[in-house]
Amino acid sequence: MYAIVEILGQQFKVEAGQKVFVHRMEGAERGSKVEFDKVLLIDNEGQVKVGAPAVEGAKVVAEIVSHVRGEKVLVFHKRRRKGYRKLNGHRQNFTEILINEIVA
């Protein structure tokens, strides 16, 4: 059984027991339970329910595992023959969540 759920404006395909990295959830404590009720699609052993836009009565229950930072991404700009070079680094903040169950 899997579901497609919208979390903080992004869509994820999740299954029970799966760990997912989402954008930082401010105000969420480690070990706390969160529920996502914007479930767009549920597949239960071949029976597919598609919402318009969300499936009625469906929700995904998850637990906050940790708050982490992603790998560093280097952004390099250069204009040839002009002597212009600029290097920036960026690390995205993520929240790791564990999907406990999918309620259909």
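Numbers for residues simply follow the sequence, beginning at 1.
A donor-acceptor pair under 3.5 Å is absent between the side-chain atoms of Thr95 and the main chain of Val22, judged by distance alone. No side-chain donor-acceptor contact under 3.5 Å links Arg24 to the backbone of Arg69. In this structure, the side chain of Arg85 does not engage the main chain of Lys78 through any donor-acceptor pair within 3.5 Å. With hydrogens and angles ignored, the 3.5 Å screen pairs a side-chain donor or acceptor of Arg30 with a backbone N or O of Val65. For His77 (side chain) and Asn88 (main-chain N/O), no donor-acceptor pair under 3.5 Å exists by modelled atom type. Looking only at distances, a side-chain donor or acceptor of Asp43 sits under 3.5 Å from a matching main-chain atom of Gly46. Judged purely by atom type and a 3.5 angstrom limit, Gln18 uses its side chain to pair as donor or acceptor with the backbone of Glu15.
One distance of note links CG of Leu8 with CD of Gln10; it measures 8.0 Å at 0.5 Å rounding. With values rounded to the nearest 0.5 angstrom, Lys49 atom NZ is found 7.5 Å from Asn44 atom CG.
Residues Leu40 and Val55 are not in side-chain contact: their nearest non-hydrogen atoms beyond the backbone lie 4.5 Å or more apart. At a threshold of 4.5 Å between non-hydrogen side-chain atoms, the residues Phe36 and Lys59 do not count as touching. In this structure, Ile42 and Met1 have side chains that are in contact, with non-hydrogen atoms separated by less than 4.5 Å. A heavy-atom distance below 4.5 Å is found between the side chains of Leu41 and Tyr2. In this structure the side chain of Glu63 never reaches within 4.5 angstrom of the side chain of Ile97, judged on heavy atoms. Taking the side chain as every heavy atom from C-beta outward, Val39 and Val60 approach each other to under 4.5 Å.
The two residues Lys33 and Asn100 make their nearest non-hydrogen contact at NZ-ND2, 3.0 Å. Ile64 and Glu29 make their closest contact through CB-O, 3.4 Å (heavy atoms, listed as atom of the first residue, atom of the second, distance).
Hydrophobic cluster membership differs between Val34 and Ile4, with clusters built from Ile, Leu, Val, Met, Phe, Trp and Tyr side chains linked at under 4.5 angstrom. Taken together through direct or relayed side-chain contacts under 4.5 Å among Ile, Leu, Val, Met, Phe, Trp and Tyr, Tyr84 and Leu87 form parts of separate hydrophobic clusters. Val61 and Val5 fall into different hydrophobic clusters, where Ile, Leu, Val, Met, Phe, Trp and Tyr residues are linked whenever their side-chain heavy atoms come under 4.5 Å apart, directly or through other members.
Ring geometry, Phe94 versus His23: the interplanar angle falls under 30°, so the pair is classed parallel (tilted spans 30 to 60°).
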